[in-house]
Each structure stands twice: as structure tokens, then as C-alpha cells.
Protein chains: 2
Amino acid sequence: MNVEQAAKQLEALGSPARLRIYRALVRAGHAGLPVRQLQERVGIPAASTLSHHLQRLVLTGLVSQERQATTLICRAVYPAMDALIGYLAEECCADERCGATGEEAA
Amino acid sequence: MNVEQAAKQLEALGSPARLRIYRALVRAGHAGLPVRQLQERVGIPAASTLSHHLQRLVLTGLVSQERQATTLICRAVYPAMDALIGYLAEECCADERCGATGEEAA
DNA sequence: TCAATATCTCAACACTTATTGAGATGTAAA
DNA sequence: TTTACATCTCAATAAGTGTTGAGATATTGA
């Protein structure tokens, strides 16, 4: 995980709409949610708007999609969030272990 | 911490420039960094650009500033990042404890 | 007071993003 | 085949963002 990628994922989560979407998917668990149900759950009126947000989450690797006939199942990609949290904790947190990670010491 | 606030902070960190700024401040530790040194360290050419990014970080509570005569010392606000990581871990992570936090069960 | 320094504010521009409706595509079922 | 359904793609518009130079403000020192 580097700064660029972390920033990309943070930006993807950095909109209330997308954070709600992601959270709904996490809560849906392994089964995931079809786009339609996701739309009702997060309260986005236009399907095209949701589609747009979903694309951004998929592009950053935080969400995956699997087609089942006509419906698209969306799922949170847990390892991606784990990696992001790990990056924040290691690179951007104030614990003792931090402050000299070395990747880009400048 | 609610969705709106978390999204605001994630968005603030969701630009490579600002994530670098924040990381530089974390690494600077308790002493913090003056704006000028920060500018050199993260390689932003225009002072006005850095000022703009810093404002966004300050507005979300992730960075604080203290004036010392003419120089402005910037510091990472560690508890803010702790709270953000905590939110992500509780609300958006796949551990057993997660999936039914209840705040907004929909 | 005058000059130097640190930082900000402002205005401008190009670029990106969010939202939406309309219509396209693909699947299933009658 | 026709219909219904799920979702996407496209085009348009409004709003927001990033970057910059020019100039303002405030502090310090000669």
C-alpha cells in the first residue's frame, strides 16, 4: 500500500453516499446485496447515481460485484479495508512504533 | 462519530497531497512543523496551494495550528485519527463484533 | 521607518464530481 | 416473440476542487 493508493481508497470512502453504501455492504456480510436492495437501503433516488458511486468503489478495490442472471450482487472486499486501516495505523498514527517507517523518509 | 463526519475526514485525507501532508505531520511528532518546512517536505510548489490543503485538514479537525510569532506550527491531532480508525474498524470492518452495530440498522 | 520574512486571501482557470432522465443492453418468463 | 425487469451507458448540467500568481497582513530586525 502506497500513498497514492491509500488516498484513492480514502477518497472513494470520503463521500457520505459512498460511505453509506460501503457500510451497508459490510453489514450485509458475505451474502452481499443486489444493487436494487442497496439502492433502497441507502436511499439514493436514481439508479444511475448509485451505479456511478458503485463504480468508484469497485475501481478502488473496496467492493466487488458478481452477476447472477439479471441481478448484480455487490460485496464489501474485507481485505481491502483491513489493508487501508493497517496503512493508516502504521503510517499515520501516533503509536510508538510509528514516526520512522522509512518508506519515504524525506 | 457519525457517517457525515467520518466521510468528511476521509475526504480530507483522500488526496495524495493532503495525505502526504498529514503523514509528514505525524512523523514530525509532538513538535509539529512550520508551514514552510512542511512545504519543502511534501514538495508543494505554491504556498497558497499548501495553505488551501491545510485549511481543509484543520477544518475537519485532523490538524491543529499554533502561531509562534510569524511562523505557524502545524500538528497532527492524534485523537482524531484514532477516532476515525475506530469508526472504520467498528462500522466498516468484517470482524465478528461487526455487522449489527445498531446505529442505523435500516 | 524600511525591508525582509511567513503566511494568508483573493480571483481566475481548468478539471473533476454528483446528480439526473432517457434510452440501451441483456436475461427471464409468459 | 413479447413483455417485464435489472442495471448500465450516455449526455447534460450544476457544483466543487486543485493550482497558481498577485497582493494583503502581520511580525521582526536594521
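Just so we're on the same page: letters track the sequence lines, and every chain starts at 1.
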Solution key, residues 65-74 of chain B side-chain donor-acceptor pairs under 3.5 Å, sequence neighbours excluded:
| residue | atom | partner | partner atom | Å |
| --- | --- | --- | --- | --- |
| E66(B) | OE1 | R75(B) | NH1 | 2.9 |
| E66(B) | OE1 | R75(B) | NH2 | 3.3 |
| T71(B) | OG1 | Q68(B) | O | 3.3 |

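Legend: salt bridge (Lys or Arg N to Asp or Glu O under 4.0 Å) pairs involving residues 44-60 of chain B, not counting sequence neighbours, sorted by first then second residue: E11(B)-R56(B). Pairs of residues two or more places apart, or lying in two chains, that qualify as side chain to side chain donor-acceptor pair (under 3.5 Å) and include a residue from residues 46-55 of chain B are R18(B)-H53(B).
Put simply, CG on L13(B) and CG on L10(A) are 6.0 Å apart, with the number rounded to the nearest 0.5 Å.
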Discussion item. What verdict does the side-chain contact (heavy atoms from CB on, under 4.5 Å) test give for M1(B) and Q9(B), after you've listed the backbone C-alpha separation in whole Å, the side-chain angles of each residue and the deciding distance to 0.1 Å?
Written reply: CA-CA 11 Å; M1(B) 176 83 71; Q9(B) 295 188 337; 3.8 Å; yes
Worksheet item: Can you list the steps and then say if E4(A) with R20(B) is a salt bridge (charged side-chain N to carboxylate O under 4.0 Å, His left out)?
Response: CA-CA 9 Å; E4(A) 305 294 331; R20(B) 283 203 186 85; 2.5 Å; yes
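Atom CD of Q65(A) is separated from atom P of dC8(D) by 6 Å (rounded to the nearest Å). When rounded to the nearest whole Å, the span between CD1 of I73(A) and P of dC8(D) equals 12 Å.
The residue T71(B) sits close only to the backbone: its heavy atoms come under 4.0 Å of sugar-phosphate atoms, none of a base.
Heavy-atom distances under 4.0 Å link DNA chain D to no residue of residues 29-39 of chain B.
Counting heavy atoms from C-beta outward, L62(A) and Y78(A) have side chains that stay 4.5 Å or more apart.
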Worksheet item: What does nucleotides 12-27 of chain D look like as a protein-contact string, B for base, S for sugar-phosphate only, - for none, at under 4.0 angstrom between heavy atoms?
Response: -----SSBBB-----B
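Taking 4.0 angstrom as the limit, Q55(B) places a side-chain polar atom (N or O) nearer than this to OP1 or OP2 of dT9(C).
A residue-by-residue look at R67(A) and L54(B) shows that L54(B) has its nearest nucleotide of DNA chain C further toward the 5' end.
Contacts of Q39(B) classified as side-chain hydrogen bond (donor to acceptor under 3.5 Å, both in side chains), with partners at least two apart in sequence or in another chain: none.
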